[in-house]
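Structure first, then comments.
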Amino acid sequence: MQAAVLEGVQKLFIKQKEIPRCKAGEVLLQVKACSICRTDLKCYELGHRDLKLPRVLGHEIAGIVVETGSGVDKYKKGDRVQVSPGISCGHCEFCLQGRDNLCRRLKIMGFNYDGGFAEYLLVPAEAVLSGVLNMIPPHLSYEEASMTEPLACSLNMQEALKITSSDTVLIFGAGRLGILNALLARNSGAKKIFVVEPLERRLEQAEKYGFAYLFNPAKSCLYREIMAITNNRGVDVVIPCCPAAEAFNSGLHLLAAGGRFGFFSGLLPGDKMKIDLNLVHYKELTMFGAYGCTSAHNKQALSLLASGALNVKKLLSQVISLEEVEKGLKMIKTLSQLSVVVSF
Ligand SMILES: [Zn+2]
Ligand SMILES: [Zn+2]
């Protein structure tokens, strides 16, 4: 089989590998679609302390079962499945609370195990057992299903923020995660949704999704505009979906008293921020962090896609082949595409 193997920092090669065979408890998938995430780009460009190379990256995976090991009775050949990439231990304090994304022994497909940038993927027995495989309904394409994981991460954020119809929500960044968060806020009935994005073509994408309050901070004074629309009150919820430090700072200024701040997007290493944290004190703001997603968020995200409550078709801006995966990583880096999916 062909696989895109990361052998060193910025050393990615398409290699011929043996198709893995199933041992007891394992499931072999033929990968059908795997979306590229900024995390893949980070691993490719900078490596990672815990990433052991060589490794096949890719954790936003959808595929079809081609073989099952002995003892596997929940899945059979021909099942279309989406992979929830986190493999948790199931018995640490966080797993027992249902917060398996914080599991002390968490392992991730495409990081600790080989991932989806390959024609076949062996799902380890512990992963099969912990329920990482979710059935894709027949009407949902593999490419759409590969968007489940980023949607699940967004759900994790929004669950903490508890957005209701009385909330005005401000989202920084109209990339894939920004739009997913905006769509979820809309599903929660948010009164007004503001999307801030300096790239015009991304604002146009957001417009295609019907978002009316779009702002380019390079073209107008964001603070003045938001304050004018909200009668000098500010917004109830801010979610930076981009690693820009300015988003964090102006987000805190734009929150109304009692507002909620979603710390969804990590900051770039070495980013020094001058943030006035006294704003948290004076305005009684609440900060919520969100990191990855639980297996429950994953299932919930897939059912949102399956029911049509959330449609990601317009987010699938670029589909590429496995040979083009390095090109795809560069598209993510230069923000030239809203999303890039490797399709097989
Ligand atoms: Zn991801
Ligand atoms: Zn655990």
Side-chain angles (χ1 to χ4, degrees), residues 4 6 31 33-46 48 50-51 55-63 82-117 121 124 126-132 134 142-158 173 175-181 184 241-243 264-266 290-302 305 312 315-318 320 325 328-329 331-333 335 337-342:
L6 186 68
V31 180
C34 187
S35 288
I36 304 182
C37 179
R38 284 204 83 80
T39 310
D40 298 316
L41 176 66
K42 242 187 254 176
C43 289
Y44 165 76
E45 286 210 305
L46 306 167
H48 189 284
D50 300 326
L51 180 68
R55 178 65 71 219
V56 176
L57 302 176
H59 60 268
E60 301 181 358
I61 309 157
Q82 178 267 338
V83 182
S84 174
I87 308 167
S88 54
C89 77
H91 40 76
C92 72
E93 59 173 310
F94 296 108
C95 282
L96 293 175
Q97 291 166 17
R99 303 178 78 182
D100 45 84
N101 56 324
L102 300 179
C103 172
R104 289 169 178 277
R105 286 176 282 274
L106 187 71
K107 289 186 197 138
I108 299 167
M109 307 279 297
F111 192 83
N112 306 95
Y113 291 100
D114 278 345
F117 297 149
L121 170 78
E126 56 171 330
V128 176
L129 210 63
S130 76
V132 302
N134 301 300
Y142 289 111
E143 287 76 15
E144 289 169 86
S146 74
M147 292 288 200
T148 302
E149 193 263 353
L151 178 59
C153 295
S154 310
L155 268 173
N156 183 23
M157 179 75 265
Q158 303 244 337
R176 183 173 74 145
L177 292 168
I179 291 191
L180 288 175
N181 269 282
L184 286 172
C241 296
C242 57
F264 179 65
S265 175
Y291 175 64
C293 57
T294 67
S295 56
H297 291 127
N298 206 283
K299 286 181 172 48
Q300 202 186 336
L302 188 58
L305 295 176
V312 289
L315 281 181
L316 296 166
S317 68
Q318 182 73 49
I320 60 170
V325 71
L329 286 162
M331 292 175 195
I332 298 289
K333 183 183 165 76
L335 309 176
Q337 291 294 335
L338 201 52
S339 76
V340 183
V341 186
V342 180

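Both counts, for ligands and for their atoms, begin at 1 and track the order of listing.
To the nearest 0.5 Å, atom OG1 of residue T148 and atom CG of residue L302 are 4.5 Å apart. With rounding to the nearest 0.5 Å, the separation of OG in S35 from CG in L316 is 7.0 Å. To the nearest 0.5 Å, atoms CG (N156) and CG (L184) are separated by 11.5 Å.
Atoms SG of C37 and OE1 of E149, as seen from the Zn ion (ligand 1), are separated by an angle of 160°, to the nearest 10°. The SG atom of C95 and the SG atom of C89 meet at the Zn ion (ligand 2) at an angle of about 120°, given to 10°.
Put simply, C92 gets within reach of the Zn ion (ligand 2), with an N, O or S atom under 2.8 Å from it.
Distances from the Zn ion (ligand 1) to each N, O or S atom of E60 single out OE2 as the nearest.
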Side-chain atoms of residues 94-106: list all donor-acceptor pairs with protein atoms under 3.5 Å, sequence neighbours left out, distances to 0.1 Å.
{"unit_1": "D100", "atom_1": "OD1", "unit_2": "S295", "atom_2": "N", "d": "2.9"}
{"unit_1": "N101", "atom_1": "ND2", "unit_2": "Y291", "atom_2": "O", "d": "2.8"}
{"unit_1": "R104", "atom_1": "NH2", "unit_2": "E93", "atom_2": "OE2", "d": "2.9"}

